[in-house]
There are 2 protein chains.
Amino acid sequence: MANTATATASDAATPGSMGDVRRSNLALVLGTVAQSPAGFHLTRAQIAAATGLTKASVSSIVLDLLEAGILHEIGLNPQGERGRPGVGLELNPARGVMGMEINVDYIAAGATSLSGTVVVQEIRERDNRDTASGPVMAALASLAAEVRAAAAAKGMEVLGGGLAVPGLVDAGSATVITAPNLGWVDVKLDVAQLLPGLPLGVTLFNEANAAALAELAHGPHRKQDFLFISGEVGVGGGLVIRSELFTGPEGHAGEVGHIVVDPEGRPCSCGGTGCLETIAGQDAIFAAAGIEGKRQARSESMSALMEALAAEKPDAVLAVQRAGRSLGVAIASTSRVTNIRAVVLGGHFAVLEHWLRPPLVESLSKYAPGKILPENITTAAVGEGGALLGAAGSVVRSLLEAPHRLHS
Amino acid sequence: MANTATATASDAATPGSMGDVRRSNLALVLGTVAQSPAGFHLTRAQIAAATGLTKASVSSIVLDLLEAGILHEIGLNPQGERGRPGVGLELNPARGVMGMEINVDYIAAGATSLSGTVVVQEIRERDNRDTASGPVMAALASLAAEVRAAAAAKGMEVLGGGLAVPGLVDAGSATVITAPNLGWVDVKLDVAQLLPGLPLGVTLFNEANAAALAELAHGPHRKQDFLFISGEVGVGGGLVIRSELFTGPEGHAGEVGHIVVDPEGRPCSCGGTGCLETIAGQDAIFAAAGIEGKRQARSESMSALMEALAAEKPDAVLAVQRAGRSLGVAIASTSRVTNIRAVVLGGHFAVLEHWLRPPLVESLSKYAPGKILPENITTAAVGEGGALLGAAGSVVRSLLEAPHRLHS
DNA sequence: TTATATAGTTCAAGCGATAAACTAACCGCC
DNA sequence: GGCGGTTAGTTTATCGCTTGAACTATATAA
């Protein structure tokens with residue numbers, strides 16, 4: 001599973017004009033402000049020093065960004081220094097984006113400010129398994145409208161949105177190519193209708209990719225390069241390289257759930273054989289542990305598994321150990337192909353870390369020694385709402401990288 | 001094995017100035033000329049139409065490129081059309097680059113024009129196995145000087161060079177991190193001394209990556225996305241995505257030879273277990289086929305294998321079938337992780353294609369059905385000198401993408 | 001109050017792309 | 001051969017954006 005919105009349209013042979021310089025510097029200034037530590041407000045002079053632009057250019061650029069409503073002046077901040085105090089600048093707290101998520105058991109929507117602060121968040125349980133997209137989208141639209149209204153009540157205008165879905169997506173056409181657990185195949189979503197009138201529209205994301213982006217933005221280490229592995233009913237992945245999602249030629253890279261970890265293994269729902277998902281997916285683990293993985297009772301099945309593990313029941317322990325070893329094989333191979341050296345475990349892999357880690361580490365040292373050190377295997381810092389936050393964050397980021405799309 | 005020279009230095013927060021526009025348009029014009037069909041010479045007016053730049057801008061840019069010696073005016077070409085005939089432009093045929101290669105059994109050097117035409121090429125047999133780098137480099141320097149003189153005699157000035165080596169390299173520091181079959185570990189090469197006085201210097205490449213780039217430039221299909229798999233003593237790979245080498249965070253992506261294809265398999269020279277190389281590498285195939293893979297006799301071993309296959313000797317047939325199946329597993333996993341949908345087989349995989357293809361195709365349909373169609377499995381179009389041509393071509397390409405580095 | 005230091009703005013200059021006018025070179029046709 | 005038509009390429013004025021220096025604004029220190 002993999003996809004994104006960042007299409008880096010650099011292949012088109014387009015003439016470069018002076019406007020490009022402006023756009024580039026607009027993004028440079030905005031990026032500098034966005035990356036400054038929270039609560040600390042850069043001044044124009046500091047931005048000039050940090051970017052290498054002249055004060056004159058920074059003033060002119062900041063003026064544009066203020067007019068576009070992206071930046072905001074905070075009063076003077078005389079810090080006891082000599083000289084005239086500067087005017088602090090911050091991302092306009094009255095502008096934000098919405099993140100939304102459709103998953104198997106719930107729909108969710110939340111609004112965050114441009115700096116990533118969550119202002120409203122709402123999760124609504126809903127069984128979306130094998131449901132047509134229409135009713136799900138309608139329910140989400142209603143939820144999104146509520147959240148948007150709540151954000152507006154707090155003085156925040158929503159500029160754009162991102163929607164995460166557990167399946168292969170094509171962001172350009174807002175189409176879900178396959179979402180096995182929703183039963184969706186080639187479903188075109190009317191994302192514009194979800195949140196009408198947004199200047200930036202709504203972008204579609206793959207759930208694992210969005211969660212990987214959330215890890216990038218909110219994770220503690222601020223790693224530039226890592227593989228995020230999302231353990232849900234399916235096993236998905238998001239590959240972050242140089243702080244960008246790596247999407248491959250068609251936007252579907254990172255499908256670690258379908259790496260072959262046992263050539264003699266069982267058939268997979270994808271049509272392949274011996275995929276990681278057939279051993280380390282939730283259903284596979286439950287089955288191997290002798291736990292009934294009934295519909296609707298997924299969280300209960302997980303509780304049952306945890307109890308069985310705590311009681312050291314052999315079936316459960318062996319099932320998780322086998323999953324850990326297979327995960328190691330898949331990560332080893334991924335590391336060789338993509339040169340990635342850090343892994344973040346999400347979903348049930350994070351929950352099961354205690355039992356999963358020893359076989360995983362052992363497996364990695366057997367199949368790719370020295371490539372991925374144990375300290376570079378971590379669990380997700382962002383929990384349940386990860387995909388939602390990631391989708392929202394990605395929309396913010398694309399705005400910050402191309403601020404000229406707004407008004408200016 | 002993977003690496004490259006293209007470092008895409010876009011992460012540095014550097015202010016964009018008007019010079020950037022010039023550089024960008026310089027590259028745009030040059031790229032347009034370079035991509036025009038061979039023998040056909042674009043005029044300034046045609047370039048203006050193709051790029052969207054004005055005639056005035058194109059004239060000014062072309063002037064710069066003429067002064068830098070990169071472009072060359074060919075006389076007027078009245079084509080029976082009405083109106084004033086235009087002046088044809090081409091890449092200056094009197095400028096070129098050198099490609100060089102150090103491999104286990106030989107060293108090689110060649111000079112190509114900026115448009116990719118090979119002007120001189122020289123391969124010199126030499127046993128470099130477990131040899132210190134000094135003598136090898138000295139021998140290559142002497143060979144390179146000869147080739148450079150021969151090119152000069154034909155009126156070609158060499159601007160830069162590329163050196164391909166069978167191992168992991170760090171292009172930035174011109175260091176060979178490991179080249180198992182040469183016995184080199186952390187060897188810093190004095191590439192500048194190899195060809196003194198070049199305006200563009202000499203860049204280091206991994207051999208499989210360079211060969212992949214050659215396939216990109218010279219292959220018949222002009223595919224934008226493919227995985228090149230180089231079958232030598234080791235199994236290397238080069239991943240081309242959107243016409244660029246994908247190098248991963250540290251420049252070592254594409255090591256398909258060390259994907260785990262059999263978790264219960266044998267230990268690999270890399271320290272791992274069950275790597276593709278332990279089943280599909282030359283030594284592994286020879287051993288499984290019951291052929292003595294002695295030093296120096298590698299080409300003879302290959303001949304022996306071909307004979308054994310022709311005679312349908314079971315050991316040989318089974319060895320190659322197993323290699324094909326394992327190759328399929330590795331390609332299936334790579335396809336999932338990188339979203340690649342086409343494969344080009346090089347080295348002994350190309351030689352053995354007849355026997356390798358059936359088990360490979362079968363394996364792919366078992367492990368990643370629908371992902372890689374049989375017609376997207378092809379063999380290398382460029383033969384022996386592939387790495388050399390690829391290295392040279394990559395140096396040319398980096399010049400065409402940043403022509404301002406020359407004089408202008 | 002004055003000196004000093006820093007923030008931010010104004011203004012002339014330079015560079016590069018653009019559009020339109022202009023010159024150059026060829027074809028066809030009478 | 002001369003003239004209109006057509007296309008190629010250059011010249012010129014203008015515009016947009018960054019730059020650097022001068023200038024104004026506002027603080028602290030003595």
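The chains referred to below are lettered A, B, ... by the order of the sequence lines, with proteins before strands, and numbering in each begins at 1. Note that the coordinates shown come from a computational prediction; the quantities given were computed from them, not determined experimentally.
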Worksheet item: So, S57(B) and T54(B): side-chain donor and acceptor under 3.5 Å apart, yes or no?
Response: yes
Worksheet entry | Side-chain H-bond candidate by donor/acceptor type, S60(A) with R22(A), under 3.5 Å | yes
Worksheet entry | Pairs meeting criterion salt bridge (charged side-chain N to carboxylate O under 4.0 Å, His left out) with involvement of residues 27-53 of chain B, two or more places apart | R44(B)-E73(B)
Round to the nearest Å and state the distance from [X] atom [atom1] to [N] atom [atom2].
X	N	atom1	atom2	answer
L42(B)	dG9(D)	CG	P	11 Å
L26(B)	dC15(C)	CG	P	16 Å
L63(B)	dG16(C)	CG	P	13 Å
E73(B)	dA8(D)	CD	P	15 Å
I47(A)	dG8(C)	CD1	P	9 Å

Item to complete: Kindly say if T43(B) contacts the phosphate of dG9(D), meaning a side-chain N or O under 4.0 Å from OP1 or OP2.
Response: yes
Worksheet item: Is S17(B) near enough to dT18(D) that one of its side-chain N or O atoms lies under 4.0 angstrom from OP1 or OP2?
Response: no
Worksheet item: Nearest nucleotide by nearest heavy atom, which residue falls closer to the 5' end of DNA chain D, R23(A) or G83(A)?
Response: R23(A)
Worksheet, complete the sentence: 5'-most contact on DNA chain D (nearest-nucleotide basis), L53(A) vs R82(A), goes to L53(A)
Discussion item. Once you apply a heavy-atom cut-off of 4.0 Å, does V58(B) come out as touching a base, just sugar-phosphate, or nothing?
Written reply: nothing
Item to complete: Could you pull out all residues at least two apart from T112(A) that satisfy side chain to side chain donor-acceptor pair (under 3.5 Å)?
Response: none
Please identify each residue that fulfils salt bridge (charged side-chain N to carboxylate O under 4.0 Å, His left out) with [X], with sequence neighbours left out.
X	answer
R148(B)	none
R23(B)	D20(B)
D225(A)	none

Distances under 3.5 Å between nitrogen or oxygen atoms of protein and nucleotides 10-17 of chain D:
residue: dT10(D); atom: OP2; partner: S59(B); partner atom: OG; Å: 2.1

Worksheet item: dT28(D), dT18(D), dT18(C): which one has an atom nearest the side-chain heavy atoms of T54(B)?
Response: dT18(C)
